Amino acid sequence: MRKFKLGLFSATAAVALFAGAAHAEIVIATAGPMTGPYAAFGEQMRRGAEMAVKDINAAGGVMGEQLVLQIGDDACDPRQAVAIANQFVNQNVVFVAGHFCSGSSIPASRVYNESDIIQISPASTNPQLTEQGFENVFRTCGRDDQQGLIAGNYIADNFKGKTVAVVHDKQAYSKGLADETKKTLNERGVKEAVYETITPGEKDYSALVTKLKQAKVDVLYYGGYHTEAGLIVRQMREQNMDTLLISGDALVTDEYWSITGDAGNGTLMTFGPDPRKNPAAQDVLKQFKETGYEPEGYTLYTYGAIQAWVQAVEAAKTTDAGPVIKQLKSGKFQTVQGEYGFDEKGDVTAPGYVFYKWKDGKYDYASEM
Amino acid sequence: MLAYFLQQLINGLTLGSIYGLIAIGYTMVYGIIGMINFAHGEIFMIGAFVSVIAFLVLGALDITFIPLALLVVLLAAMVFTAAWGWTVERLAYRPLRGSFRLAPLISAIGMSIALQNFVQISQGARVKPIQPVIQGGVVLFTGDEGFTVVMSYLQIFIIILTVVLMAVFTWIITRTSLGRQQRACEQDRMMAGLVGVNVDRTISLTFVMGAVLAAVAGLMVTLQYGVVDFYIGFLAGMKAFTAAVLGGIGSLPGAMLGGILIGLIEAFWSAYFTIEYKDVAVFGVLVLVLIFRPTGLLGRPEVEKV
C-alpha cells in the first residue's frame with residue numbers, strides 16, 4: 001500500500017513538473033472577502049486585479065510570459081485566509097495582491113513567508129502586518145498609526161470642547177485604528193466620553209446609540225467597516241441625534257451610502273489620496289468606465305500593486321522571491337497611484353491620508369466641499 | 001435617568017419582539033415532533049429577502065401608498081416563506097420521521113447550510129439595503145438635561161404587530177380544531193393518528209405557522225434595520241433558539257417571554273455595563289435559569305409515559 005502511494009505521489013509530481021514546463025505561465029493571485037458582509041471590497045480587489053492582468057497580458061505579459069490570476073475568498077475570516085494561502089502555495093502562486101482585512105492579511109503572511117511568496121496588500125492598514133520582520137510582505141496603502149494620528153489630530157483641532165466617543169468592532173483592523181486614534185486624542189488632552197466595542201454582523205445597535213445619546217456625544221470615531229458604520233448612523237438619526245460619524249478607510253464603497261441613505265450626509269473618513277484623480281490613472285479609469293464599473297476605493301490600489309510587482313520582476317528578470325524583493329525595496333515604480341517605492345519594512349512611500357466627506361451618495365476630499 | 005431607562009426599555013422590547021417571533025417557530029416544532037429545526041433561522045432570512053424583493057417590485061410598479069405596500073409585502077412574505085417552510089419539512093424531515101432521533105437533526109443542519117448557500121448564490125453575497133420605508137416617530141417626553149425619549153412609528157408597529165400575532169396564535173392553539181390536533185400530536189402522535197388526526201398534515205401546518213411568524217420577523221428586520229444579507233439567519237437563529245430554551249422549549253408564551261427577556265437583558269446590560277459582555281450576560285442568565293429550572297421558565301417537566 002505504501003509503495004503504491006509513493007508511486008502515485010511521484011507520478012503526480014512528475015505530471016505536475018511536466019505541466020509546469022509545458023505551460024509558460026506565471027500564476028499570481030488576489031484574495032479578499034468575495035463573499036460575506038464585506039464583499040463590496042472583495043469586488044473592488046477582484047476588478048482591479050482582473051483589469052491589471054488583462055492589460056499586462058495585452059501588452060505582452062511579464063518577461064514574455066502570460067499572467068494567470070487566481071482569486072481567493074477569505075470572507076475576512078482569519079482561518080479561511082490561512083486555508084486560501086495554503087491553497088495558493090499548492091497552485092504555485094508567486095505573488096499575492098491581498099488580502100483586504102488586516103485580520104486576514106496577518107495570518108496569511110506567515111504562510112507566504114514560509115513559502116517565499118511575495119505579498120503586497122493593497123488595503124490592510126494594521127501596522128503589525130509589516131512589523132513582523134517578514135522580508136516578503138509589502139503594502140500599497142497607509143498604516144493605521146498614520147491614519148489614527150491624522151484622525152485624532154483632526155478631531156482635536158476641529159472639534160474643540162465637543163464630546164467625543166470611540167467605538168470599534170474588535171477586529172484586527174478596527175481595534176488597531178480606533179486605539180491609535182484614541183491614543184492621539186488622549187495625547188492632545190481629549191478624553192473620550194464613551195469607549196465601547198460592538199459585535200460585527202449584528203443589526204441592532206440601538207442600545208449603543210442610546211448610550212451615546214445619554215452621553216451627549218457630538219463626534220463618534222468609529223473603527224470598523226461600512227456595514228456596521230452605516231447601521232449605527234442610521235439608528236442615530238432615528239433617535240433624533242445629529243452626531244457626526246468619523247471613520248477610516250473601510251467606508252470607501254458606495255454600499256455605505258446605500259445603507260445610510262441621506263443619514264450618511266456629512267460622514268467623514270480618512271483614506272489615501274484618490275488615485276482616480278491621478279493623471280497616470282486616466283487611461284485605466286476610462287477602461288473601467290467602459291465596462292460600466294466605477295473603480296472606487298481599493299480597485300486602483302490593487303491594480304497598482306500588481307503593476308509594482310510586474311516592474312520589479314522585469315527588473316530582476318526572474319519571479320524568484322529573493323531578487324524581486326531586492327528590486328521592490330530599492331526601485332521606484334510607475335503605477336496608477338503615481339510613482340512610489342517601498343521602505344525597509346515594506347511600507348509604501350506614497351503620501352498618507354486625507355479626509356473625505358460623504359455627500360449625496362459620493363465621497364470627495366473634505367477640503368474641497 | 002428615567003428617560004434613559006425608558007429609551008433602553010423601548011430598544012429592548014423591539015429587539016425582543018423580533019427574537020420572540022422567531023423563537024415561536026423553534027418552540028412549536030419542538031413541542032410537536034421533539035426536534036430542533038435548525039433551518040428555522042434560514043427561513044427567517046428567506047422571509048427578509050422576500051420582503052426586500054417585494055418592496056423593490058412595488059417600488060418599480062410605483063406603488064407608494066405605504067399601508068397598502070406594507071400589507072402586500074407582508075402577505076407576499078408570509079405566503080412565500082410558508083411555502084419554503086412547508087417544502088423544507090416535506091423534503092428534509094418527513095422522510096426521516098421514523099428513523100433514529102439524530103437523523104432529522106443532522107438533516108436540519110444540512111438544510112440550513114444548503115439554504116444559506118442557495119441564497120448566497122442566487123441573490124449574491126453583498127448586503128441588500130432598502131431605503132427607510134416608514135420614517136419619523138413620536139417624542140414620548142423630554143427627560144432631565146433635554147434627553148428626548150423617541151419611539152419610532154416602526155417600533156410601535158413592531159410591538160403592536162407582535163402582540164396581535166401572539167394573541168392570534170395563542171387562540172389558534174387553544175381554541176381551534178387545528179390547535180386541538182396539534183396538542184394531540186404533541187401528547188401522543190400514534191394515538192392521535194389512531195383517533196383520526198391527520199398527523200402529516202398537522203405537522204406540515206406547524207412548520208407553515210412557524211415560517212409565517214419568521215416571515216413577519218424578517219419583514220420587521222428589513223423595515224427596522226434596512227439591511228439584509230444571507231448570513232442574518234445564523235445570528236438571529238442562535239438568539240431565538242436561546243430565547244426558546246430560556247422560556248421553556250415547547251411552550252408558546254415561554255418563547256415570547258424568552259425573546260423579550262433576551263432583548264431586555266441585551267439592552268440593559270449595554271446601557272449600564274460594557275457592551276462587550278452583553279452576550280456573556282445573556283448566556284449567563286440562560287445557564288442560571290437552566291440550573292434552577294432545567295425545563296426553562298415556563299416549560300413543563302416531561303412526564304415519563306408509562
Side-chain angles (χ1 to χ4, degrees), chain A residues 33-43 73 75 167-170 175 194-216 225-228 230-241 253-264 361, chain B residues 1 3-8 10-12 14-15 18-19 48 117 120-121 124-132 135-137 139 143 145-152 154-155 221 224-232 234-236 239 263 266-272 274-279:
Chain A
M34 303 298 159
T35 62
Y38 312 130
F41 292 111
E43 187 183 357
D73 174 20
V167 174
H168 68 79
D169 72 9
K170 296 182 273 197
K175 184 172 168 19
V194 179
Y195 179 85
E196 276 291 357
T197 59
I198 57 158
T199 310
E202 286 189 342
K203 298 283 171 272
D204 191 290
Y205 297 116
S206 57
L208 168 76
V209 165
T210 303
K211 204 168 191 173
L212 298 175
K213 188 172 161 187
Q214 167 78 355
K216 294 195 173 22
Y225 297 92
H226 66 289
T227 39
E228 286 79 17
L231 284 168
I232 290 173
V233 170
R234 201 166 154 158
Q235 289 170 27
M236 285 202 297
R237 300 295 176 262
E238 267 161 27
Q239 293 200 16
N240 293 354
M241 294 167 68
T253 160
D254 58 4
E255 206 167 272
Y256 174 70
W257 189 265
S258 56
I259 295 169
T260 60
D262 290 338
Chain B
M1 281 322 278
Y4 181 57
F5 178 85
L6 272 179
Q7 183 74 68
Q8 293 288 14
I10 294 169
N11 294 342
T14 315
L15 187 60
I18 295 171
Y19 287 156
N117 284 297
Q120 184 190 333
I121 291 166
R126 293 178 64 158
V127 294
K128 302 275 172 294
I130 64 162
Q131 292 299 315
Q135 270 173 321
V139 175
E145 296 175 20
F147 185 97
T148 52
V149 182
V150 186
M151 194 166 183
S152 67
L154 207 55
Q155 285 173 317
V221 163
Q224 172 80 1
Y225 306 117
V227 181
V228 169
D229 58 69
F230 72 95
Y231 203 62
I232 55 168
F234 177 75
L235 224 64
K239 286 278 166 63
E266 283 193 10
F268 284 117
W269 183 275
S270 305
Y272 296 107
T274 157
I275 298 177
E276 201 169 355
Y277 292 111
K278 79 172 185 206
D279 287 345

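All of these numbers come straight from a predicted model, not from anything done at the bench. In what follows, every chain begins at residue 1, and chains take the letters A, B, ... in the order their sequences are listed.
For the set B:Ser152, B:Ala271, B:Ala267, the count of heavy-atom pairs under 4.5 angstrom toward chain A peaks at B:Ala271. Among the candidates A:Ser258, A:Gly261, A:Ala75, A:Pro37, the residue making the largest number of heavy-atom pairs closer than 4.5 Å to chain B is A:Ser258.
Heavy atoms closer than 4.5 Å to chain A are found in the side chain of B:Lys278, but not in its backbone. In this structure, the portion of B:Phe230 lying under 4.5 Å from any heavy atom of chain A is its side chain and not its backbone. Proximity to chain B involves both the backbone and the side chain of A:Glu202, based on heavy atoms less than 4.5 angstrom apart. When heavy atoms are compared at a cutoff of 4.5 Å, B:Leu154 does not approach chain A at all. The contact between B:Gln120 and chain A is made entirely by side chain atoms (from C-beta outward), counting heavy-atom distances below 4.5 Å. Within the 4.5 angstrom heavy-atom criterion, only side-chain atoms of A:Thr227, from C-beta onward, approach chain B. Residue contact with chain B, scored on non-hydrogen atoms closer than 4.5 Å, involves the backbone and the side chain of A:Gln214 alike. Heavy atoms closer than 4.5 Å to chain A are found in the side chain of B:Leu235, but not in its backbone. Only the side chain of A:Leu231 comes within contact range of chain B, with heavy atoms under 4.5 Å apart.
Distance check, rounded to the nearest 0.5 Å: CD of A:Glu238 to CD of B:Gln224 gives 5.5 Å. Atoms CD and NZ, on A:Glu255 and B:Lys128 in that order, are 8.0 Å from each other to the nearest 0.5 Å.
No more than 12 heavy-atom neighbours from other residues, nucleotides or ligands sit within 6.0 angstrom of OH on B:Tyr231. Atom OH of B:Tyr272 has more than 12 heavy atoms from other residues, nucleotides or ligands within 6.0 Å.
At a threshold of 4.5 Å between non-hydrogen side-chain atoms, the residues B:Ser270 and A:Glu196 do not count as touching. A 4.5 Å side-chain heavy-atom check between A:Lys170 and B:Glu276 finds at least one atom pair inside the cut-off.
When the options B:Asn11, B:Leu6, B:Val149, B:Val150 are evaluated for a side-chain contact (heavy atoms from CB on, under 4.5 Å) with A:Thr210, the one that passes is B:Asn11.
Residues meeting the side chain to side chain contact (heavy atoms under 4.5 Å, CB included) test with A:Lys216, sequence neighbours left out: B:Glu145. In terms of the side chain to side chain contact (heavy atoms under 4.5 Å, CB included) criterion, residue partners of A:Asp204 (sequence neighbours excluded) are, by chain and number, A:Ser206, B:Leu15, B:Tyr225.
For A:Lys213 against B:Thr148, the heavy-atom pair with the smallest separation is NZ-O, 2.6 Å. The minimum heavy-atom distance linking B:Arg126 with A:Ala40 is given by the pair NH2-CB, 3.5 Å.
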